[in-house]
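Structure first, commentary second.
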Amino acid sequence: MLQPWNKNGLTVAERLQAEGISRRGFLKFCATTASMMALSPSMVPAIARALENAKRPSVIWLSFQECTGCTESLTRSHSPNLETLILEQVSLDYHHTLQVASGEAAEEAREAAMKENNGRYLVVVDGSIPVDNGGVYSTIAGITNLEMLRETAEGAAAIIAVGTCAAFGGIGYAKPNPTGAMPVSAIISDKPVINVSGCPPIPTVISGVLAHFLTFDKLPEVDDLGRPITFFGQSIHDRCYRRPFYDRGLFAESFDDEGAKKGWCLYRLGCKGPATYNACATTKWNEGTSFPIEAGHPCLGCSEPDFWDMGGFYQPLSTPTGDVTRTLVYGVVAGALIGAAAGSMARTRKIKAQKEHYKVTTDDLEESS
Amino acid sequence: MNPAMDDSIEIEPTPCAKDRGNDLPVLNEILHALNELLTHDRQTVIDIKSLPFGPVDEERLSIALGQGEVAATIHTLGESRVTETAYAGIWWVEHRNEQGAVIAKFIEVTYMPDILKAQHEDVIVARQKLKDALETIKLNGA
Amino acid sequence: MTPVEFLAWVRGPMFQIAVAIFALGVAIRIVEIFVLGRKQDLSEPRRDGVVPGIKTIFGRSIPDTGTFKRSPLNVVAGYIFHIGLFTTILFFVPHIELFHSVLGLQWPGLPTPFIDAVTVVTIFAMVVILINRLRNPVLKFLSTFEDYLCWLVTLLPLLTGYLAFHRMLFPYQTMLGIHILSVEILLIVFPFTKLMHFFTVFLARWYNGSAFGRRGVQS
Amino acid sequence: MSTPAERATNAFKEQIDGPIASYLSSCVHCGMCAHACLFYTETEDPRYTPINKVEPLRRVWKSEYTFFGKLASKFGLTKSVTDELLKEWELLIYDACTLCGRCSMVCPVGNDIAYMIRKTREGMIAAGYAPRGLKDATYRAVTVGSPMGVKLPALKAQIKHVEKDTGLKVPLDVEGADYMALLSSMEIMNFPEYIEALTRLFDKAGVSWTLCSEAFEATNSGMQIGSSDIEGELIQRIVDGAEKLKVKYVISPECGHAYYALRWEGPNVIGKKYPFEVVHILELLDQLRAQGKLKVEGKLDQKLTFHDPCQIVRKGGVVDEPRRLLNMVSSNFVEMEDAGVMNWCCGGGGGVSANERAEPLKLTVFNRKKSQLEKLGVNTMVTACANCRINLEEGIEHTNMDVEVVGLAETLAEHLAD
């Protein structure tokens, strides 16, 4: 299903029509696309108008220092679903995990797509880019990731950084970052880069962003971290169905207590939901089946930068990440020692003052004083 | 021992009844939408996927809305089902793909969901098709 | 600095710095009081000062009727503020988690909406306290920069906590970070100001209560 | 140590101890002590807020005895004690404080402010900043033996009168007596009834007692002016007298600060424990009452009240004794508002009455007592301090009130059963 399509230059509407799909079918397509982009259903007419003229974009998918989890997320759903629909509308010209071609032929396909669609193609990146020592830690066909990204980005219309590694550096970037891993945005500054973070990202969000580009020929509006606001505009906590428990102060305190069984809030078990912006709580996973909190596990905050370095996954958000107990103990001990020393010095001054005592006598009481 | 393998642990079904109720605000929103329809002739579409539903919230909403008089099936790009709820003017619109999986689900508050109506473009095609058909019949029937 | 980096900083290195200054400063100030000590009182006590001293430690929390009648606003607002402040600090579940992680102790929390209401009331009480400080001639006369500073650094955690809880003003990470930072500022300011009374009040009441007590008066 | 400010600073350094450090660390500037102080309540001058009065002491504590303050002082960030400050504060520390200790009872953080003001006076007098009148009184106390200049012949003359009136012998310099009674100059000069009362009461109760010709003066201007050197010198005279007569007890008279100085500060300023016990006359009388040795007859039926002398009641711990004694001789004893340990000062204690400069302020703050009395509607007020008594009489006269002030011991003596 994800093979490069022959480019036929038709718009989406034309293509659907050519396949004998009715206008009603097109409407259905528009409605589901709106839902996928997390846009309001009231946007359907605008989407319909846009899709009338939308052409299939060429997509080049670059996989760098990554685990293929992002691609898995997108492709390994147990049944063909919503995402397929939109992926059928794009021309995936290069994806070294999925494409049939390999070796030089694969790289040729990439170069061909770049040449043919110069200035118009979309680059999707998953994985971080190691930059230390000239980027030697990860190469494809002898080309470093760094070089390939720069080269491919050159003629791109926009770049979609898929997954937390591409968006924020992810695990490669986590301390001590031995390869000098960097996110896409740290390397490419002259092209629009959108971050679809998550480890992995929600498949619908990836396709939603693609759909947006396909529909409106531009990237959706983004937040401060370059993520599409429609999906990352609200925190997990804001949209969590367990939120009422948080508000009422009902918390699970271990994974097998009453609270856990009753589905209470997982804050005390380290849920990072309040500080994590993503669409899991509404879009959910596995065809809308569930998401981690619904399955009884606290949110890890995987769509946020540095989530690997934000203290333990099971450490509540309100707690410090370092060993504060030690600091407290050392501080008190050191303070007590300094206090004792300062106090002794004060005592010495006091004794000295007592030695230098000025004795008040009747002389001090007479008129002249 | 892996707790998951321990038969003595009884995992309760996630309760929902009194503790939750994310369906209630939605019902309120629907009521508001009905008002809008009646007073301003404005229709409302709610995307179920955009709601922070917990387990069985959707079921509860479905039960609350009940079954109405109309149930229609549309066959294009997979099946779509349009069913009226027990409350006139409130509809479920459910889109499935060719493999039968639900890909989008809406509640529409309107006199008639647009997708049920024959579309202008389709009618133009239909006119041509019927014309062609008639020609064929004439030719053949003569 | 992104909101996430900011949050990581206040939860990490900044927290350590604040706790280090707080622990060091508080320990210095308390220990130096003890080291300074006091001379043995040679007068024959009417009774032992220990029990009256302990009684004063607790009893002084209740104002005498005369004081209450003369400055009811001060007393009532002060009460609400102190009780409110400690309720929010000690019984909000995320805070309990903080104490648990640092001290290894935990206790049951109170329902969040209750804490929320207490916060509002406490902030209100603090505003009343400030207005009183600005308007009452004695308080106006006594007040120094330090008094207003202490008011501010005490108010900020309440206010930012409220804003963070209600996810107002900034993205949550930023607001939570600001809230934690405000607490860190409070911790840092603490040992250098009258906020020290949190600890020394027990010493002061003890010294007062035992000195009066050995003379036969429950102060 | 040349300048006054340096002398004051050094004295503060000598005086500051753990309690003071904890008090100054704890003050939150809540201002509640102002409402406990009659100098504030009657003038509404915020400078009279008790905690403000210890500012000179606070400065020295901060810059000398706190680690952070010491550090700050190295950078010139702390304030030091100056002549100007001492001069200004003299008016607050001596004229506007009677050391009544009411503030110490209300401070929510538990600060014993009166204790700190007492310590502050040490530095003030070391620097020479004390009111003229108090200096003079103290000078006379040291040189003549009494702040009012009363000498032994004057006492002997009063003894003669008393002996004539009562027909009883007033013991003087009786070695081996159980009790040695002290007097205040005011009692000798203004209220000789007290000597007569003692003579009759002790005679009836069979108390073995004596006066001492070398130590009859109980008052201690040294405490009031705040010099432990002078206070100690005056205390030592009493200790010497008591040791010479080998008494078991020394009786503090109806004088507030004399009791506080002798009973609570004395051993500390001379640096050793006494070889005798100090009892207040009211304590002793109450003991006699309990033992059945104090028999009275007839009860006063006019409405009367008791004025609590601060140093005896609040700061001295003699609280219930005067009440039990008064109830023996009165059928209509009523308490003032705030009676007991929270009672309001007469306004003349702590050396204020010896300080002519403070006279107008003293009369202003008397309004507190005046309104207390008016609320009760009494015409008789009993007290147990000659200084309170004179001061109250003065205030009553100044405000044209119709209230008689009497001493408790003499009231009891009047009702002695034959």
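Any value given below was found using the heavy atoms of this structure, including those in side chains, with hydrogens, waters and symmetry copies removed. Below, chains carry the letters A, B, ... as their sequence lines are ordered, and counting in each starts from 1.
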Could you tell me which of A:D306, A:D323, A:L337 has the largest number of non-hydrogen atom pairs under 4.5 Å with chain C? A:D323
Is the distance between the ring centroids of C:F99 and C:H95 under 6.0 Å? no
Taking the six-membered ring for Trp, are A:Y314 and A:F255 closer than 6.0 Å centroid to centroid? yes
With a 4.5 angstrom heavy-atom cut-off, which part of A:L317 approaches chain C: side chain, backbone, both or neither? both
Of the listed residues (C:R11, C:H100, C:E32), which shares the most heavy-atom pairs with chain A below a 4.5 Å separation? C:R11
Under 4.5 Å from any heavy atom of chain C, what part of A:Y246 do you find: side chain, backbone, both or neither? both
For C:L36, is it the side chain, the backbone, both or neither that has a heavy atom under 4.5 Å from a heavy atom of chain A? both
Taking the six-membered ring of C:F212 as reference, does the NZ or CZ atom of C:R215 fall below 6.0 Å from its centre and within a 45° cone about the axis? yes
Would you mind telling me which of A:E253, A:R326, A:M310 has the largest number of heavy-atom pairs within less than 4.5 Å of chain C? A:M310
Checking C:F92 against chain A: side chain, backbone, both or neither under 4.5 Å from a heavy atom? side chain
So which of A:A340, A:S318, A:P320 has the biggest tally of heavy-atom pairs under 4.5 Å with chain C? A:P320
Any donor-acceptor pair under 3.5 Å from C:T112 side chain to A:G249 backbone: yes
For A:L266 and A:H297: C-alpha separation, side-chain torsions, deciding distance, then whether side-chain contact (heavy atoms from CB on, under 4.5 Å) applies. CA-CA 7 Å; A:L266 300 168; A:H297 193 280; 5.6 Å; no
C:Y172 atom OH, neighbour heavy-atom count above 12 within 6.0 Å: yes
Top residue by heavy-atom pair count (under 4.5 Å) with chain C, among A:L225, A:L328, A:T276, A:D247? A:D247
Under 4.0 Å between a Lys/Arg side-chain N and an Asp/Glu carboxylate O for A:E356 and A:R349? no
If you count every heavy atom of other residues, nucleotides or ligands that lies below 6.0 Å from C:F124 atom CZ, does the total exceed 12? no
Could you tell me which portion of C:T2 (side chain, backbone, both or neither) has an atom closer than 4.5 angstrom to a non-hydrogen atom of chain A? side chain
C:P13 portion near chain A, given a 4.5 angstrom heavy-atom threshold: neither
